[in-house]
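Notes to accompany the following structure.
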Amino acid sequence: MAYYYLKGIDERRWVYILVSSVVMGLACMVKIPYVFIWILPWDILQSVKSDTMDLEMEYILYHSSDSICIVAKHAFLINNSSPDLSYILGYHKMLPSPGWYFGTLAQRLALYSWWILLNRGIFEIVGAGGLIYFMISVLRCKATRAFIFLIYWFLGLILYVMIFFNLNLVHNYYQIPFLAPIAVFLAFGIKQVQTFNVKLNLLILAIMIIVNVGYAEKNYFKTPEDEIEIAALIQQHTPGHALVAVTYNKMDCRNPKILYRADRRGWSIQELALKASVIKKLQQEQGAQFWAYVGQQPGSEMSDYLFSLAKPQIFPLKHTGASLFLFNLEEH
């Protein structure tokens, strides 16, 4: 998209501009912050090519802003139709909210925020084993034309992180745009390693494979037996159309893994957010029919409400040492 857009501007090839603009429009509808990373590289490259922006470029940018406004309005209308579940801790209705997208100055000044982003950068983007190639690329890079464009690309990404700071801090998938330029950067390092002797080359490769496989095995390739067991019991003891609220430790409203495995619709409510008023509202306003609680026993703050419900079905859980309490909210 970016390549053909710039090529179209440079060569006045309107087919390139049109096709890349259509692709950009689709990208904006999916995730507009991801598209934003190209604004700075585009601007720098265009300013290098000419001191003044011609009328054609102004026309394109003018109508691009129109497209973004249309997409924003469409997103607002869709998101506004969702119910207001603000009484659930962590729930955020996806309406225009500067704080949600851009964050606060305090977040940017907090060392903890940067520590989170640094850890993701090392272990999830570069990869623990890829650090060797990354450092070699840093130490032996040269100011070639390709490398300069890569620097512009990184500047755009840095600007993207600084603007959409809260999104990048809360969700690791907002760092997906870093993968492509980091891969190119690591390729510089791999090319440099090829100039080393064969034994050193193989040693570096072996270290990378061992470290990456070990990290992946420790952090990613795990079967969540506890969630599978809980989901199977919910699926077995609730109707297929049932709306189910699930409380399991820190699994908050953004985590639907148990509901997904159980093939049920509903809500995840972390234990910290558990209140009788939350379950009542979900039943009265949203039609919740079952509440699944995982633990030793629901907390004392729920006791008065539990007296009004029928006795739950209780299932001991093999993988957690706790039990699943399944309440039918329609029985009293």
Side-chain angles (χ1 to χ4, degrees), residues 27 30-31 33-34 37 90 92 111-138 153-154 157-158 160-161 164-190 193 202-235 246-264 266-272 292 294-295 317-322 324:
V30 176
K31 278 291 182 188
Y34 290 173
I37 66 171
H92 179 81
L111 292 178
Y112 181 69
S113 299
W114 294 103
W115 177 250
I116 291 175
L117 294 175
L118 179 63
N119 272 272
R120 287 184 193 157
I122 293 174
F123 296 108
E124 297 183 33
I125 300 174
V126 176
L131 281 174
I132 299 175
Y133 294 114
F134 185 86
M135 293 307 301
I136 292 172
S137 185
V138 169
W153 197 349
F154 275 116
L157 285 164
I158 291 169
Y160 152 78
V161 171
F164 300 102
F165 195 81
N166 188 61
L167 293 179
N168 277 278
L169 187 61
V170 173
H171 302 295
N172 62 356
Y173 58 79
Y174 273 94
Q175 283 89 65
I176 288 175
F178 281 86
L179 295 177
I182 286 294
V184 175
F185 198 74
L186 292 178
F188 280 114
I190 293 171
V193 167
L202 291 174
L203 176 62
I204 294 173
L205 179 63
I207 292 173
M208 183 198 70
I209 293 173
I210 291 169
V211 171
N212 279 348
V213 170
Y215 182 83
E217 286 292 333
K218 182 180 179 182
N219 293 279
Y220 299 136
F221 298 106
K222 295 180 179 179
T223 302
E225 300 290 354
D226 54 339
E227 295 173 10
I228 293 172
E229 183 183 17
I230 295 165
L233 287 169
I234 292 173
Q235 186 177 49
V246 178
T247 301
Y248 180 37
N249 292 336
K250 296 180 180 180
M251 187 173 287
D252 66 13
C253 60
R254 298 166 297 180
N255 191 336
K257 290 193 292 183
I258 288 178
L259 289 166
Y260 171 77
R261 287 190 168 90
D263 193 22
R264 298 292 182 269
W267 310 266
S268 298
I269 306 166
Q270 61 177 311
E271 190 137 15
L272 182 64
V294 179
L317 298 172
K318 180 173 66 174
H319 293 94
T320 65
L324 169 65

Worksheet item: Within the side chain of Ser137, is there an N or O that forms a donor-acceptor pair under 3.5 Å with the backbone of Phe185?
Response: yes

Discussion item. Can you tell me how far apart CG (Asn212) and CZ (Phe123) are? Round to the nearest 0.5 Å.
Written reply: 11.0 Å

Worksheet item: Rounded to the nearest 0.5 Å, how far does CG of Asp226 lie from CD1 of Ile230?
Response: 5.5 Å

Fill in: Short N-O contact, Arg261 and Glu227, less than 4.0 angstrom
yes

Worksheet entry | Evaluation steps, side chain to side chain contact (heavy atoms under 4.5 Å, CB included), between His171 and Phe164 | CA-CA 11 Å; His171 302 295; Phe164 300 102; over 6 Å; no

Discussion item. Using side-chain heavy atoms (C-beta onward) and a distance below 4.5 Å, is Arg254 in contact with Val170?
Written reply: yes

Response to the item:
To the nearest 0.5 Å, atom CD of Gln175 lies from atom CD1 of Ile182 at 11.5 Å

Item to complete: Determine yes or no for a side-chain-to-main-chain donor-acceptor pair under 3.5 angstrom, with Glu229 supplying the side chain and His319 the backbone.
Response: yes

Discussion item. For a quick test of reading the model, state the closest non-hydrogen atom pair linking Pro256 to Ser268 and the distance between them.
Written reply: CA-OG, 4.1 Å

Worksheet item: Which atom pair, heavy atoms only, marks the closest approach of Val211 to Gly129?
Response: CG1-N, 3.6 Å

Worksheet entry | Thr320 (side chain) donor-acceptor with Ala322 (main chain) under 3.5 angstrom | yes

Fill in: Sub-4.5 Å side-chain heavy-atom contact between Tyr174 and Leu169
no

Worksheet item: Side chains of Ile258 and Tyr248: does their closest heavy-atom pair fall under 4.5 Å?
Response: yes

Worksheet item: So do the side chains of Leu259 and Ile234 get within less than 4.5 Å of each other, counting heavy atoms only?
Response: no

Item to complete: Check for a donor-acceptor pair, side chain of Thr247 on one end and backbone N or O of Ile269 on the other, with a separation under 3.5 Å.
Response: yes

Worksheet item: Hey, are the side chains of Tyr133 and Phe188 touching, using non-hydrogen atoms and a 4.5 Å cut-off?
Response: no

Worksheet item: Under 4.5 Å between any side-chain heavy atoms of Gln270 and Asn249, yes or no?
Response: no

Worksheet, complete the sentence: d(Tyr260 OH, Asn255 CG) to nearest 0.5 Å is 13.5 Å

Worksheet item: Side chains of Tyr160 and Pro177: closer than 4.5 Å at any heavy-atom pair?
Response: yes

Discussion item. Quick check: do Arg264 and Gln235 have side-chain heavy atoms less than 4.5 Å from each other?
Written reply: yes

Worksheet, complete the sentence: CG of Leu131 to CD1 of Ile136, rounded to nearest 0.5 Å, is 11.0 Å

Item to complete: Taking atom OH of Tyr112 as the centre, report whether more than 12 heavy atoms of other residues, nucleotides or ligands fall under 6.0 Å from it.
Response: no

Worksheet item: If you round to the nearest 0.5 Å, how far is CZ of Arg120 from CG of Asn168?
Response: 8.0 Å

Worksheet item: Would a line drawn from the ring center of Phe165 to the ring center of Trp114 be shorter than 6.0 Å?
Response: yes

